[in-house]
Amino acid sequence: MSVQTTTTPAAVALAVGKAFDGRSVLEGLDVTVARGEFVALLGASGSGKTTLLRILAGIEAPTTGEVLVPEVRTVVYQEPRLVASMRVWRNVVIGLPNASATRALAVDALREVGLDDHADAWPGTLSGGEAQRVALARALVRQPKLLLLDEPFAALDALTRLRMQDLVAHLCARHRPGVLLVTHDVEEAVVLADRVLVLREGRISVDLPVDLPRPRRIGGPAFDALRDRFLGELGVHREAATSSD
């Protein structure tokens, strides 16, 4: 399965800088995400990955530079952030105008993530993976032009994480928003992304396309070469990683 992208930008950051209490986190950052493109952003803890995502989401304002983003953009976080006192279908359409926040719309969105039979369930009865699928349905029901994913699989067990990766890849190919995934997982980035960025010391140090056929699985010479390139940029060498397994 190939993913078609366009040259139409879904998000543009131009010379973006961000400082907190005089400490610079981002410096002169230039990032573009095209409509239909899946971009993964790697970086060590504290490198500014989530800060950039929050700027694109409109949660933080840049200290310097300019950000151009579509009006309709959504975020999926590491925690599902469901409202415990509202049934699942109401969580999906929460915040939508009353006229469009219908059960039928929610059920259609839940069907895409395989949870239409859980529409009337309470969030507290869901597993972690199910709750995160509801969060994904809530994001996509708004038909965003830009989808921001902030380590959405980090709290899931390994098997559920793989299933969620497959689901996100399928849904993003179908809906075709521009996607920015913030992750610490290099293999996840190579499996999912059309392009991988590495953020170091407030700047993009690597920007590489992932020219591997889809669907992708971990392993193989081309996959390993990309993984090792990104790990090396993050200061991790393959020999050290292998010896610690």
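Only heavy atoms go into these numbers, but all of them, side chains included; no hydrogens, no water, no symmetry mates. These numbers were taken from a predicted model, which means no experiment stands behind them.
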Nearest heavy-atom contact between T63 and A19 is OG1-N, 3.0 Å
What one should report as the nearest heavy-atom pair of W122 and V88 is C-CG2, 4.5 Å
Decide yes or no on side-chain contact (heavy atoms from CB on, under 4.5 Å) for D194 and V210, but give the supporting numbers first. CA-CA 5 Å; D194 302 307; V210 182; over 6 Å; no
Which pairs would a plain distance check flag for residues 78-85, meaning a side-chain donor or acceptor within less than 3.5 Å of a matching protein atom at least two apart in sequence or in another chain?
none

With a sphere of 6.0 Å drawn around CZ of R90, does it hold more than 12 non-hydrogen atoms of other residues, nucleotides or ligands? no
Between D224 and G219 the two heavy atoms that sit nearest each other are OD1-CA, 3.8 Å
Those residues at least two apart in sequence (or on a different chain) that pass side chain to side chain donor-acceptor pair (under 3.5 Å) with T125 are none
Note to self: Assigning hydrophobic clusters by single linkage (Ile, Leu, Val, Met, Phe, Trp, Tyr; side-chain heavy-atom cutoff under 4.5 Å), is V67 placed with L147?
What the structure shows: no
- Can you tell me if R163 uses its side chain to pair, donor with acceptor, with the backbone of A158 under 3.5 Å? no
task = Without swapping roles, check the side chain of T160 against the backbone of D157 for a donor-acceptor pair under 3.5 Å.
result = no
Between the OG atom in S205 and the CD atom in E233, the distance rounded to the nearest 0.5 Å is 3.5 Å
request  = Look only at the side chain of R23 and the backbone of F20, and say whether a donor-acceptor pair between them is shorter than 3.5 Å.
outcome  = no
Any donor-acceptor pair under 3.5 Å from K18 side chain to L26 backbone: no
E130 side chain to S127 main-chain N or O, any donor-acceptor pair under 3.5 Å? yes
| message | Run V134 and V113 through side-chain contact (heavy atoms from CB on, under 4.5 Å) and show every step you take. | response | CA-CA 8 Å; V134 174; V113 299; 6.0 Å; no
Exam field: side chain K145 to backbone A11, donor-acceptor pair closer than 3.5 Å: no
(message) Would a single hydrophobic cluster contain both V206 and L181, if residues Ile, Leu, Val, Met, Phe, Trp and Tyr are joined by side-chain heavy-atom contacts under 4.5 Å?
(response) yes
According to a hydrophobic-cluster definition based on side-chain heavy atoms being under 4.5 Å apart (Ile, Leu, Val, Met, Phe, Trp, Tyr only), do Y77 and V39 belong together? yes
Would you say that more than 12 heavy atoms from the other residues, nucleotides or ligands in this model lie under 6.0 Å from the CZ of R142, or not? yes
- How about E151 and H184: does a side-chain donor come under 3.5 Å of a side-chain acceptor? yes
Checklist entry - Can you check side-chain contact (heavy atoms from CB on, under 4.5 Å) on F153 and V168, steps first, answer last? => result CA-CA 10 Å; F153 317 125; V168 166; 3.6 Å; yes
Exercise for review: Report yes or no: do T51 and E60 form a side-chain donor-acceptor pair below 3.5 Å?
Suggested key: no
| request: Determine yes or no for a side-chain-to-main-chain donor-acceptor pair under 3.5 angstrom, with R216 supplying the side chain and V190 the backbone. | output: yes
_A34 backbone acceptor or donor facing E37 side chain under 3.5 Å_ = yes
Margin query: Treating T64 as the side-chain partner and G17 as the backbone partner, does any N or O pair qualify as donor plus acceptor under 3.5 Å?
Written below: yes
The residue among V198, V196, L180, V33 that forms side-chain contact (heavy atoms from CB on, under 4.5 Å) with L41 is L180
Distance only, no hydrogens: is a donor on one side chain within 3.5 Å (strictly under) of an acceptor on the other, for H175 and E112?
yes
> Same cluster or not: are L234 and L197 linked, directly or through other Ile, Leu, Val, Met, Phe, Trp or Tyr residues, by side-chain heavy atoms under 4.5 angstrom apart?
Replying inline: no
All heavy atoms of A137 vs all of A109, minimum pair found to be CB-O, 3.8 Å
The reported gap from CG in L146 to OG1 in T74 (rounded to nearest 0.5 angstrom) is 7.5 Å
dist W89:CH2 -> L110:CG (nearest 0.5 Å) comes out at 11.0 Å
Discussion item. Would R217 and D166 count as a salt bridge (charged side-chain N to carboxylate O under 4.0 Å, His left out) here? Give the steps.
Written reply: CA-CA 10 Å; R217 291 295 180 265; D166 286 346; 3.7 Å; yes
If you apply the rule salt bridge (charged side-chain N to carboxylate O under 4.0 Å, His left out), what do you find for R103 with D120, and how did you get there? CA-CA 10 Å; R103 188 180 186 281; D120 293 311; 2.5 Å; yes
All heavy atoms of A189 vs all of T183, minimum pair found to be CB-CG2, 4.2 Å
When every non-hydrogen atom of P209 is compared with those of L226, the smallest separation belongs to O-CD2, 4.4 Å
Rounded to the nearest 0.5 Å, the CZ atom of F223 sits from the CG atom of L212 at a distance of 7.5 Å
Would you find more than 12 non-hydrogen atoms of other residues, nucleotides or ligands less than 6.0 Å from N98 atom CG? no
Side chain to side chain donor-acceptor pair (under 3.5 Å) filter on R161, not counting sequence neighbours, yields D185, E188
Between the CG atom in N91 and the CE atom in M86, the distance rounded to the nearest 0.5 Å is 5.5 Å
Distance col, row L199:CG vs D207:CG, nearest 0.5 angstrom, shows 11.5 Å
Could you walk me through whether L171 and L140 satisfy the side-chain contact (heavy atoms from CB on, under 4.5 Å) test, starting with their C-alpha distance in whole Å, then the side-chain angles of each, then the deciding distance to 0.1 Å, before giving a yes or no?
CA-CA 9 Å; L171 290 175; L140 290 175; 3.7 Å; yes
Next on the checklist: If we ignore hydrogens and angles and just use 3.5 Å, is the side chain of R35 paired with the main-chain N or O of R176 as donor and acceptor?
Outcome noted: yes
